[in-house]
Structures are given as structure tokens and as C-alpha cells.
Amino acid sequence: MMKKYNYGTAILSGFEYLLEEYPEVFVIGQGLWSPWYVGNSMTDLDKKFGVERIIDTPVSESACTGAAVGASLAGMKPIVVHPRMDFMIYAMDAVVNQAAKWSHMLGGQAHPGLTIRSIINRGGEQGAQHSQALHAWFAHVPGLRVVMPTTVADARDLLIASVLSPDPVMFIDDRWLYDQEDELPAIEEISLIDQKPNISIEGDDITIVSCGHTSLLSRDAANMLESNNISAEVIDVRVLNPFFADDIVSSVRKTRNLLVVDCGTLTAGFSAEIIAKVVENVPNDCLANKPKRLALPDAPAPTSRVLEKDYYIQSEDIVVEVKRILNK
Amino acid sequence: MKNNLLDLSNPEKFHENLDIKGIDKNTLINMLKSMILIRKTEQQLASSRKEGLIGGPVHLGAGQEAIAVGISELLQSSDRVFGAHRSHSHLLALNPDFYKLFAEVLGKETGFSKGMGGSMHLFDQESGFYGSVPIVSGTVPLAVGAAMAARMQETNDIGVAYIGDGAVEEGVVHESFNLSKVHNAPVLFVIENNLFASHMHISLRQPSDMISRFATANNIPYKLLDGNDVCAIYNAAKEQITEMRNGAGPRLIELVTYRHYGHVDWRDDVDVGVARSLDDIENWKARDPISRLSKSMIINEIWTIDEEEIYTKELDALIAESWNKAMSDKYPNMNSTLEYVYAKSNNKTK
């Protein structure tokens, strides 16, 4: 039976499912006893499952993430919640040096199967330290699976797949996605290693690749482009690491044009990885036009509203860029 | 710097025999043999590194054996022990398989970490050794989390975090102390205070040489002892670990010791060590945890010089044989670099 969710309540239902079905799952992070921190995505979990399993913590991102790594080595399935990705930078050692490397450097015998839910939460004149989308950093770390759900269904189902994965997973959601609504079927567990980029809109003239919130913008843009008789194929990356580009390459072979849209900053961003993988793997004469990137300027997020509005990408920007690429 | 450790940091003190009363004979013999085994294993590593047979760095802990041995005697295999860069003793005190350590240090597939870790990344979860890594203080919060998990799993297991005096200069250690106390995690913070972080004496790094001041700051009960007295360590840790198994939260034990070798490899490091002199090293060698226990046991007639000679002779032969075996073992498959990045198994599904 289909049931109506928004992005936040879809995440909430994922949490509820995991906590009901798997006694080894627990949640740790700041703000968990005051769920306004994380929208409607964690409402009343502490009341329903108890404060022993829904653990609000001191202001210690580093120790709490490290503790979750240690608990996972001891057979638990922890989910760490960082209500804002910017603050998680304090936890980089636990993520990069510990979680991502223990399997490899100990000969495949230790598996820190924790999930780190970090949230991109920006806009509203919050400025440089309350705004960052750092998915490209994490996608650069072998051993760390990086997941960015765009759709309501993925918000729930990829959360469950992430937590059930034996590997450490960085699950990145974006507060700008929370208003989406959809009807979802009953939960069916899926395997994270089988998850690939998803063609969310099919088209023939250009391939637009993006992840997270920009995938939503790209879908809007594709709909606008349709009235201009431009048929865009929109691909949502979903899993950034390990990154499987085969379907993106096939799409570009068909459309012969590529635009990558990313909600991170431009230089050394994930957009560069997408273009590189495509350019390396298509035939010499495949591309009809130069591939292009649309990403945030190489600057921290400004606070002042006029600067902030200009800083972030809008669907209209994608429309303009596509027309420019196609000379239309 | 304030010398709050007083005589504990003075190498001319604590040379007398140990008080072995109250510890049974078998435990004493186990502890003595374990310390000798660790010492001789590390001597093999020191000489082989000097000969150029070991490719990577080895951080030797000779002189500090009493700490891991006294603590490990009280542990069960389901406990969760975490080490750091100088962790040969932490592992061998739980599992004396020096052959697997040799193989690991040589990067062979028969090693503790299948040849993927070397000296600085060791693993033997079956004995309770969850892992050691060289990022200073990197495993401290992990031990707290493993201890929190022990409570959630309704076991009486504890977490153990070996922490050097240098590691407490890392911020995450203080977060970990605080978190463990607030969540009543049964983790034993074992402070191996050998007065040096790499080449730097503690007087150049901290305003006091006493690390347990941080236990006071976090309301964590602590003990401060001579780290070269395995009997005192055993007795003190026994009390703390019993309390933790019965539901108490974190405990800290600070043990003052000294390493015979320099920070890394076989050298004395008197030339690069600030305030590290040959005199100090000689004095500390006289405050040796092994000979002090051995002498005390011989005086109390529960051990003899002959027994020790027989044990060490057999051990020497086994170490030589194991070293040669490890030397001839195979290296990991060439695909190991990619093979171990992620878990082999798929999602856990119901």
C-alpha cells in the first residue's frame, strides 16, 4: 500500500524501521533530544526508542564520531547525526583516518559499519560556516561510501541500505530537499553496493548530471527546456563513492552533450570527476560541444541576501547554460 | 613545569624489590614470562631493523612491559582493547604469538593484519585486541564507543585505551574523557607516561608532568603509580576493572615509565632527545620491570635462576625459528591493495 511522505518523514520512517528491526542500531549526535535541529526527520525517536538508543551528546563531534566507529567495531550499527556538515570537520580523523581505513590496513578483518548522516543546511543568511556542501572531500577517500539521496524514496531507502552496509557510509542529505512529497510503497531492503546513478528524466539532446539538491534543480530545468524543444536527459548520481560512471558515459554517447551541475564549489569539485570520467571513456568524436560545469563560485557562502541569492544555483541558470552549450 | 610526579619520575628511585604478596604464584609467573617474551621479541625487532631486514618503522616499548602485562592479566577476550603506535606489548600481552607479529612487521600475509598493517596497524580481535593505529589519540574515542557498546550489549566487558603522555595534548582525548563520564562508559584509560612525546620531554610540552590531573577535571576516579611495578599495576587495575565490570563508569590509571629505545627504531636517541641522557637511560634500566619482579620472586622462592635460564633459552630458540619462518613467508597477493578497501560481504539483509 502506498503512503504519503515528504523527504523528512521518509528519513524518519527509515530510522523507525531500522530501530524496530535491528537491535544493534543506535543513533548518536547533537540535538537528538530536541529534534528541531533536524527538521521533521527525527521527531520523537527518543520517546519511542528510549534515550539509551537515541543518544544526545556533549558538543564533541570528534569524540562522538570516534565512539561510533568503536561501537561499530564491537558489532553495533551506529548512526551519527551531524545536523550541519560544517561542524563535522572536527570529526575528520574519525571519518578519514579511522572509519575509512580500518578494513584495508587491518587486512579486511575490521569493519567499521557506521553511518554518518551529515546535513547540508544553508541559505537564510547563515553564512560561510553554516552552508557547506563538502561531498567532494569525502568522495576522495577510498573506503568511505558516499551517498546523496535526492528523492523522497531514496531518502528512506538509501538510509536503510547505508546503515545495513558493512562499510562506513557518509549519508548526506540537504535541507533544501525536505519539502518534496511522494507516495512510497512498503519498505524493501536494497543493497547499497548495487545502487548506481539513476536516469530520472530521459532525453536526447544533452545529458545533465548532478547530485543531491542540484538533481532537483536539474529536473526542474529539464521540464522548462521541454517547452523550448530541448530534450534533456537528467541523471542523479546518488552514490558518489565508489563512483560508477558507466550509465553516464552511455548517456553522453547518446546525447553527445554534457552539463554537470554541482552544489559544491567549482575547483576540484565532484563536477570535475564526472567530466573526467566521461571524457576518458567516450570516443574521440563523441562530444558535439565542450562539456560544461555549473557549480558554486570558488568563494565561501556570503551572508548578505543579495550576494547569497546570486551565489546559489537556480533552475533558470541551468536552462541558460544548456542553451548556451547547444547554441540555442 | 611543575614536577607533580615527584619521585615517580626519578629514575634513581623505585629500584627495590616488589611487593608480591596477595598475587598467586601462577599469575606472577605468567606475568614474568609475558614481560620477558615481549622484551625479547622487541630485541629481535630492534636488531633486525638495524640490519635493514624490516622496511618500516618500529616503535619499541622495551622498558614499559609491566603496563600491558599487568593490565592484560585482568582482561577477558571479549574486552575491547585499543592501542597506538607503540603497541607491540599491548598485543603480545593478550596474544603472545610473536611469529604473527614478526610476519606482520615484515609485511607477510601470515601476519596479524595479513601483512596490510606492519608494526603500526595491528589487529587480533579474538584476543580482545581491536586495533592499534599511529594517529596519536586516534583510537581513544573508539575505546569509549566500544565500551558504550558493551553496556548496550548488556555484557560486563570493558574498553581499554592505551594513551601516551603526548596523546593528552590532543583535544579529542578530553572530549573522550568527558563523553565517557557523561555516558558512564566502562573504559579504562591507561596512561603510559614515559615522559616523552617523540623527542620532546614533557617539561617542554605541559605545565605539569602529572596526566591524572585530567581525570580530576572530569570526575574520573584514578590511580597514579610506578609503571615499572607490575604487581602494583595488577593490584590497582584489578580494583578498577572489578568496579567497571560491576557497573561503574570510566577509570584512569597513570603509570610512570620510560622507554629504553628512542622514539622509533633501535637507537638510544640521546642526540635528538631533549633532556634524554645516557645516565637517565642507565638509571631507568636499573628500574627495570622485569629484573625487579624476577628478583622479588626468587627471594620469595617461587622462581629460580635456573627456571629463568631454561625459559629464556627455549624462548630464544623459538624466536629465532619464528623469525626465520616469517622471513620466508609469502607477501600478500598483488590484488590485496584493492581487495580490502571495502568489506567483501554484501549488505546484511534479513
Side-chain angles (χ1 to χ4, degrees), chain A residues 21-24 26 28 52-53 55 57-78 90-91 93-94 97-98 100-114 142-143 145 160-161 163-168 189-194 242, chain B residues 80 82 104 109 111-118 120-125 130-131 133 135 137-153 157 159 171-180 182-183 185 332 336-350:
Chain A
E21 299 292 323
Y22 294 93
E24 65 269 40
F26 72 94
I28 182 167
E52 304 291 321
R53 292 182 75 195
I55 305 170
T57 71
V59 193
S60 304
E61 289 82 3
S62 179
C64 292
T65 310
V69 174
S72 73
L73 294 169
M76 302 297 287
K77 284 264 167 216
Y90 273 128
D93 180 71
N97 277 324
Q98 313 308 337
K101 294 195 175 39
W102 276 53
S103 171
H104 187 264
M105 68 192 183
L106 301 177
Q109 301 174 99
H111 299 293
L114 79 159
R145 295 185 184 274
I160 295 169
V163 174
L164 298 183
S165 164
D167 296 310
E189 290 182 5
I190 53 172
S191 172
L192 188 57
I193 59 170
D194 299 332
Chain B
R80 298 112 199 252
F82 291 83
E104 188 55 49
E109 65 176 9
F112 273 116
S113 308
K114 302 199 173 171
M116 297 299 289
M120 298 195 292
H121 317 88
L122 300 169
F123 176 89
D124 188 45
Q125 197 164 338
Y130 269 49
V133 304
I135 295 288
S137 84
T139 58
V140 178
L142 275 60
V144 174
M148 289 168 72
R151 279 284 145 79
M152 292 182 216
Q153 292 159 336
D157 299 332
V172 72
V173 171
H174 301 277
E175 291 187 18
S176 300
F177 289 161
N178 181 63
L179 182 69
S180 72
V182 170
H183 286 288
S336 300
T337 302
L338 291 176
E339 191 185 335
Y340 293 127
V341 179
Y342 299 98
K344 273 200 193 109
S345 65
N346 209 328
N347 265 13
K348 173 180 179 177
T349 46
K350 295 197 302 167

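Below, chain A is the first sequence line, B the second, and so on; all start at residue 1.
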ask   = Once you round to the nearest 0.5 Å, how far does CG of A:L106 lie from CG of B:D124?
value = 11.0 Å
query = Is there side-chain contact between B:N178 and A:P58, with heavy atoms separated by less than 4.5 Å?
reply = yes
inquiry  = If you count heavy-atom pairs within less than 4.5 Å of chain B, which of A:V59, A:T57, A:L73, A:V163 leads?
reply    = A:L73
query = Is a side-chain donor or acceptor of B:Q153 paired with a backbone partner of A:A74 at a separation under 3.5 angstrom?
reply = yes
key: Minimal non-hydrogen separation, B:V341 against A:G143, with atom names   = CG1-N, 3.3 Å
request  = Please tell me if the side chains of A:V69 and B:P141 come closer than 4.5 Å, counting only heavy atoms from C-beta onward.
outcome  = no
message = Can you tell me which of A:A71, A:G108, A:A68 forms the most heavy-atom pairs within a distance under 4.5 Å of chain B?
response = A:A71
ask   = Heavy atoms, side chains only, cut-off 4.5 Å: are A:Q109 and B:Q125 in contact?
value = no
Residue, of B:A150, B:A146, B:G171, that accumulates the most heavy atom pairs under 4.5 Å with chain A = B:A146
inquiry  = Shorter than 4.5 Å, heavy atoms on both sides: which option in A:G113, A:P112, A:A110 has the most such pairs with chain B?
reply    = A:A110
Criterion side chain to side chain contact (heavy atoms under 4.5 Å, CB included) on B:M116 and A:H104, from CA distance to verdict = CA-CA 7 Å; B:M116 297 299 289; A:H104 187 264; 3.5 Å; yes
query = Which region of B:F82, side chain (C-beta onward) or backbone (N, CA, C, O), has a non-hydrogen atom less than 4.5 Å from a non-hydrogen atom of chain A, or is it both or neither?
reply = side chain
When A:A63, A:P142, A:A94, A:A100 are compared by non-hydrogen pairs under 4.5 Å with chain B, the top option = A:A63
ask   = Measuring heavy-atom distances to chain B, does A:Y90 have an atom under 4.5 Å in its side chain, in its backbone, in both, or in neither?
value = neither
key: Exercise: identify the closest heavy-atom pair between B:A343 and A:D167   = N-OD1, 2.7 Å
request  = Output, in order, the C-alpha distance, side-chain angles, deciding distance and verdict of side chain to side chain contact (heavy atoms under 4.5 Å, CB included) for B:V133 and A:M105.
outcome  = CA-CA 9 Å; B:V133 304; A:M105 68 192 183; 3.3 Å; yes
ask   = What residue in B:E175, B:K114, B:H174 has the most heavy-atom pairs under 4.5 Å with chain A?
value = B:E175
request  = Test side chain to side chain contact (heavy atoms under 4.5 Å, CB included) on B:I135 and A:D93 and set out the steps.
outcome  = CA-CA 9 Å; B:I135 295 288; A:D93 180 71; 3.3 Å; yes
task = Against chain A, work out which of B:H183, B:E109, B:R80, B:M120 has the most heavy-atom pairs shorter than 4.5 Å and name it.
result = B:H183
inquiry  = Shorter than 4.5 Å, heavy atoms on both sides: which option in A:S72, A:P242, A:G75 has the most such pairs with chain B?
reply    = A:P242
ask   = At a heavy-atom separation under 4.5 Å, does B:S180 approach chain A through its side chain, its backbone, both, or neither?
value = neither
inquiry  = Quick check against the 3.5 Å criterion: does A:S103 have a side-chain atom that pairs as donor or acceptor with the backbone of B:Y340?
reply    = yes
